[in-house]
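Note that the structure is predicted; figures quoted are calculated from it, not measured.
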Amino acid sequence: MPDSGRVTADVRAAFNALVGHLEYPMLIVTARAGDEPLGCLVGFATQTSIDPPRFLVCLSHANRTYRLARDAELLGVHCVPADAGDLAELFGGETADEVDKFARVEWHEGPRGVPVLDRCANRFVGRVVARVPAGDHDAFLLEPIAAQAGEQEDFTFHMAKRIAPGHPA
């Protein structure tokens, strides 16, 4: 493989094909900016540590949630249930620049006002311990401060491929 420091077209194509076949759960990240609840569908996320517990979520620079909540102290992370395609469609296919997403869903305020989506049985709120630029996304390293685990199958990346994004990717 070339080691030029730049991604060539053939490497980019092979990489996109490889990651396009991976399967992982889709998440909805929520935040609060002043009085406004914010939220978006994300696919770039992973646990990064067991002890201490840490989780990384990436938010697109094109997204209103990122633009307004990039300095938030806390973020909510929700595993989307497999039977909640409408929820994934709302948070992934609509933009809060045009639609009040939270007027269409059941939710309540969690720690320090972070929006918590009632339909997502698996969720946590995390304190942002680090922010790292990661290309067209920023990575947010989270330390959980509240969590709930329930029984649910997850809505996955391949299920989400049919959703037209609210903003260009």
Side-chain angles (χ1 to χ4, degrees), residues 24-134 137-157 159-160 163-167 169:
Y24 45 86
M26 297 300 292
L27 306 169
I28 295 172
V29 172
T30 60
R32 181 167 291 283
D35 291 336
E36 183 178 356
L38 302 161
C40 62
L41 187 68
V42 301
F44 302 155
T46 190
Q47 182 177 355
T48 63
S49 175
I50 295 169
D51 188 17
R54 296 288 187 269
F55 196 86
L56 186 96
V57 296
C58 297
L59 299 178
S60 169
H61 295 171
N63 192 291
R64 180 178 178 88
T65 301
Y66 169 79
R67 292 190 317 267
L68 295 183
R70 65 179 160 224
D71 296 323
E73 178 187 354
L74 302 174
L75 296 175
V77 179
H78 305 75
C79 297
V80 180
D83 64 355
D86 60 319
L87 197 60
E89 182 81 37
L90 176 63
F91 282 89
E94 300 288 345
T95 172
D97 292 321
E98 301 168 4
V99 172
D100 180 359
K101 299 175 191 181
F102 289 89
R104 298 182 180 185
V105 297
E106 296 292 321
W107 66 282
H108 64 275
E109 290 188 355
R112 297 191 202 124
V114 172
V116 174
L117 303 175
D118 294 342
R119 286 179 62 194
C120 300
N122 295 326
R123 59 194 185 214
F124 72 93
V125 173
R127 182 178 65 83
V128 178
V129 296
R131 293 171 182 82
V132 178
H137 287 63
D138 275 9
F140 294 78
L141 184 62
L142 306 176
E143 171 186 53
I145 63 162
Q148 175 180 316
E151 294 293 323
Q152 75 179 31
E153 295 292 319
D154 293 327
F155 190 88
T156 64
F157 171 68
M159 295 170 153
I163 299 172
H167 284 285

Identify the two heavy atoms, one from E143 and one from V129, that lie closest to each other, and give their separation to 0.1 Å.
CB-CG1, 3.9 Å
To the nearest 0.5 Å, atom NZ of K101 lies from atom CD of E94 at 8.0 Å
Would you sort out whether D138 and R70 count as a side chain to side chain contact (heavy atoms under 4.5 Å, CB included), showing the intermediate values?
CA-CA 9 Å; D138 275 9; R70 65 179 160 224; 5.6 Å; no
Is there a side-chain contact between E36 and R64, using heavy atoms and a 4.5 Å cut-off?
yes
Between R127 and L74, which heavy-atom pair has the shortest distance, and what is it?
CA-CD2, 3.5 Å
When you look at F102 and L117, which way does the side chain to side chain contact (heavy atoms under 4.5 Å, CB included) test go after all the steps?
CA-CA 9 Å; F102 289 89; L117 303 175; 3.9 Å; yes
To the nearest 0.5 Å, how far apart are OG1 in T30 and CZ in F91?
8.0 Å
Single hit among H78, E151, Q152 for side-chain contact (heavy atoms from CB on, under 4.5 Å) with N122:
Q152
Roughly how far, to the nearest 0.5 Å, is OG of S60 from CG of L41?
11.5 Å
Nearest 0.5 Å please: distance from the CG atom of L75 over to the CG atom of L27.
12.0 Å
In terms of heavy-atom contacts, V80 and A88 come closest through CG1-CB, 4.3 Å
One should read off an interatomic distance between R32 CZ and L68 CG, to the nearest 0.5 angstrom, of 12.5 Å
To check you understand the geometry: which heavy-atom pair defines the closest contact between A139 and A134, and what is its length?
N-CB, 4.3 Å
Just wondering, more than 12 heavy atoms not from R112 lying within 6.0 Å of its CZ?
no
By the definition ring-ring contact (aromatic ring centres under 6.0 Å, His included), identify the one residue from F140, F124, F44 that meets it with F55.
F124
Please say whether more than 12 non-hydrogen atoms of neighbouring residues, nucleotides or ligands are located less than 6.0 Å from CD in E106.
no
Would you please test V99 and R104 for side chain to side chain contact (heavy atoms under 4.5 Å, CB included) and show each step?
CA-CA 9 Å; V99 172; R104 298 182 180 185; 3.5 Å; yes
Using side-chain heavy atoms (C-beta onward) and a distance below 4.5 Å, is P25 in contact with C79?
no
In terms of heavy-atom contacts, C40 and L59 come closest through SG-CD2, 3.6 Å
So, taking the atom named CD1 in I28 and the one named CG in L87, what distance separates them when rounded to the nearest 0.5 Å?
4.0 Å
Test item: L141 and R54 side chains (from C-beta on) under 4.5 Å apart, heavy atoms:
yes
Could you pull out the closest heavy-atom pair between P144 and P53, with the gap in Å?
CD-O, 3.4 Å
